[in-house]
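Read through the structure below, which is laid out as structure tokens, and then see the notes.
Every chain is numbered from 1, with letters handed out A, B, ... down the list of sequences.
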There are 2 protein chains.
Amino acid sequence: MDKISDYRVLIPMLKEERHDFILNEVKVRNRVLLTDLAVKLNISEDTVRRDLKYLDEQGKIKKVHGGAISTSYHLYTYKEQEIYAHENKSVIAQKAHALLREGQVILISGGTTNLEFARLFPKNIKATIFTPSLPVAMQLLEHPNVQTIFIGGRLSHEAQIALGGETIQTISQVRADLCFLGTGQLDPVHGLTEFDWEVVQLKKAMILASKKIVSLTISEKINSIQVYKVCDARAIHTLITELNPGDPFLDPFKQLGLEIL
Amino acid sequence: MDKISDYRVLIPMLKEERHDFILNEVKVRNRVLLTDLAVKLNISEDTVRRDLKYLDEQGKIKKVHGGAISTSYHLYTYKEQEIYAHENKSVIAQKAHALLREGQVILISGGTTNLEFARLFPKNIKATIFTPSLPVAMQLLEHPNVQTIFIGGRLSHEAQIALGGETIQTISQVRADLCFLGTGQLDPVHGLTEFDWEVVQLKKAMILASKKIVSLTISEKINSIQVYKVCDARAIHTLITELNPGDPFLDPFKQLGLEIL
DNA sequence: ACTGAATTTGCAATTTTTTGCTGCATTTTG
DNA sequence: CAAAATGCAGCAAAAAATTGCAAATTCAGT
């Protein structure tokens with residue numbers, strides 16, 4: 001992020017570029033502060049104000065006192081309990097874009113980080129995505145280039161995902177290039193763990209069905225343990241957190257041979 | 001971890017964000033204390049008071065001494081204002097309650113009327129419900145007594161339902177007591193018709209899988225025709241509209257032997 | 001390359017909005 | 001009934017928005 005903003009300070013942006021940048025910021029963060037934008041874009045607050053006003057008139061964003069918020073944000077019930085963690089999850093979701101290739105078959109499990117990943121999935125990449133998560137599927141329907149296949153079965157009220165024998169049976173018939181695995185708890189020694197036995201079975205099946213396992217994990221879930229084990233940490237090929245890849249906090253996983261992004 | 005919590009405190013919230021936050025709090029716990037909100041949002045109680053006053057004037061919450069409570073549970077929950085002819089659909093959904101019995105196995109297709117039916121499904125009735133509709137499934141998850149089973153498959157971007165061979169295959173394995181069929185167009189002579197061939201296949205499968213077919217139909221969809229035929233009007237056992245059962249408009253269906261509610 | 005119009009951008013002065021505070025009225029609670 | 005808690009109105013400081021204007025930039029047409 002720092003790299004990018006430095007770059008931005010030196011080169012003045014065209015109006016259209018600014019607009020795109022602002023729209024992206026709003027999309028990713030759901031809200032932006034006017035002052036932040038002025039600093040990031042290295043232009044006066046007045047210009048930002050004018051940009052926001054224009055984008056508001058276009059209906060692209062909603063301008064409010066002190067900044068702007070996403071218009072689509074209110075529509076669907078997207079309960080974002082912890083605002084701070086949401087920022088991190090957006091960062092993680094965007095890092096994960098680096099792994100995507102045209103035409104991949106992808107498995108995505110549940111969880112709010114994966115939901116964020118689904119929301120921010122690049123609009124221009126074609127992919128076939130299997131998921132047992134209701135909210136993830138809902139998000140993916142917003143992406144015209146994504147072929148979404150819901151893995152059916154008995155739905156869990158709390159987790160809002162399909163669970164049970166039929167679901168696992170269906171997953172076993174899939175061959176995916178990538179699997180984005182939601183993280184319960186992650187520990188270098190005890191691996192990936194969960195508190196729900198059925199979720200463990202589901203995730204095991206997803207791992208078996210995929211060539212490459214990616215774990216999107218906010219750092220606060222690292223170094224904690226739950227009762228049931230899904231897999232060893234080694235079974236995860238790529239670990240993506242909101243931290244800098246060089247952060248010593250992640251060293252134990254690096255030593256296990258995981259790719260860190 | 002300290003970093004994160006400090007970070008949260010330092011970021012000022014926009015007024016609209018606070019409003020969203022408060023609405024969500026009210027929705028989740030039905031009541032909120034003014035002092036709690038002031039602490040959580042890290043602003044003065046006066047500001048919270050003003051926020052609550054504003055939201056009260058908007059009718060979103062009810063302000064009471066020392067905090068606020070939820071007005072009625074269904075105000076902020078869904079985009080129900082956007083559902084066309086919502087009033088009528090609510091009436092229809094409630095009439096349909098008369099058909100429900102404890103422990104039934106039920107099939108529900110897509111459509112906004114069925115969505116409304118799912119939303120208003122009696123909280124106290126136990127049932128097992130199969131559906132290929134994403135929004136319907138989401139609504140059903142709010143009902144603890146309902147076992148929801150999603151019929152998976154390739155998802156249609158527009159209709160937000162699962163379609164295709166796998167979906168139909170799964171439906172064919174179900175034996176349901178009741179099937180609530182969303183209506184494309186309904187005509188006494190030409191029967192139930194749709195403009196999407198795949199949806200037709202899906203509905204045919206649902207009809208085969210159910211003992212009794214119920215059609216929830218707003219009256220304006222009656223006496224119009226589309227290209228593909230799902231079934232004869234006679235195949236429908238019970239027709240529920242927003243009209244009075246004795247309305248002469250419904251006579252043609254009565255003569256065909258349909259039960260009218 | 002030069003001109004001149006149109007657009008864009010930044011600046012300063014003014015207005016509006018937001019927010020916290022003080023003092024006082026009102027309600028709740030023991 | 002009295003003490004504590006809550007609500008309310010007005011006020012002032014800070015932040016943000018608006019307005020008018022001038023400098024800078026872009027760009028078409030010579």
- Task: Using a 4.0 Å heavy-atom cut-off across all strands, classify Val48(B) as base, sugar-phosphate, or nothing.
- Result: nothing
- Could you say whether Gly67(A) or Gly66(B) is positioned toward the 5' end of DNA chain D, judged by the nucleotide with the nearest heavy atom to each? Gly66(B)
- Can you list the steps and then say if Ile236(A) with Leu181(A) is a side chain to side chain contact (heavy atoms under 4.5 Å, CB included)? CA-CA 9 Å; Ile236(A) 296 167; Leu181(A) 213 55; 5.5 Å; no
- Rounded interatomic separation in angstrom, taking CG from Leu37(B) and C1' from dG20(C): 17 Å
- Query: Per the end-axis method with five pairs at each terminus, what is the bend angle of the helix from dA1(C)-dT30(D) to dG30(C)-dC1(D), to 10°?
  - Reply: 40°
- Message: Can a side-chain donor-acceptor contact be found between Thr241(A) and Thr217(A) if the only test is distance below 3.5 angstrom?
- Response: no
Would you tabulate the nitrogen or oxygen pairs shorter than 3.5 Å linking the protein to nucleotides 14-19 of chain C?
residue, atom, partner, partner atom, Å
dT18(C), OP1, Lys15(B), NZ, 3.1
dT19(C), OP1, Arg18(B), NH1, 2.8
dT19(C), OP2, Arg18(B), NH2, 3.0

- Donor-acceptor contact present, side-chain Glu25(A) to main-chain Val32(A), <3.5 Å: no
- Item | Bounds of contact between DNA chain D and chain A, in 5' to 3' order, using a heavy-atom cut-off under 4.0 Å | dA16(D) to dT19(D)
- Query: What does Lys53(A) touch in the nucleic acid at a heavy-atom separation under 4.0 angstrom: a base, only the sugar-phosphate, or nothing?
  - Reply: nothing
- Task: Indicate whether any N or O donor in one side chain lies under 3.5 Å from an N or O acceptor in the other, for Thr112(A) and Lys89(A).
- Result: yes
- Any side-chain donor paired with an acceptor under 3.5 Å for Glu259(A) and Thr238(A)? yes
- Is the NZ or CZ atom of Lys95(B) positioned over Phe117(B)'s six-membered ring, under 6.0 angstrom from the centre and within 45° of the axis? no
- Query: Charged N to carboxylate O below 4.0 Å: is that the case for Lys254(A) and Asp251(A)?
  - Reply: yes
- Item | Modelled atom types, side-chain donor and acceptor of Glu242(B) and Ser219(B), under 3.5 Å | yes
- Query: Any sub-3.5 Å donor-acceptor pair from His19(A)'s side-chain atoms to Leu55(A)'s backbone N or O?
  - Reply: no
- Return yes if a side-chain donor-acceptor contact under 3.5 Å exists between Ser90(A) and Glu116(A), otherwise no. yes
- Query: Are Phe195(A) and Tyr228(A) close enough that their ring centers fall under 6.0 Å?
  - Reply: no
- Message: Nearest whole Å is fine: how far is dT8(C) P from Leu41(A) CG?
- Response: 16 Å
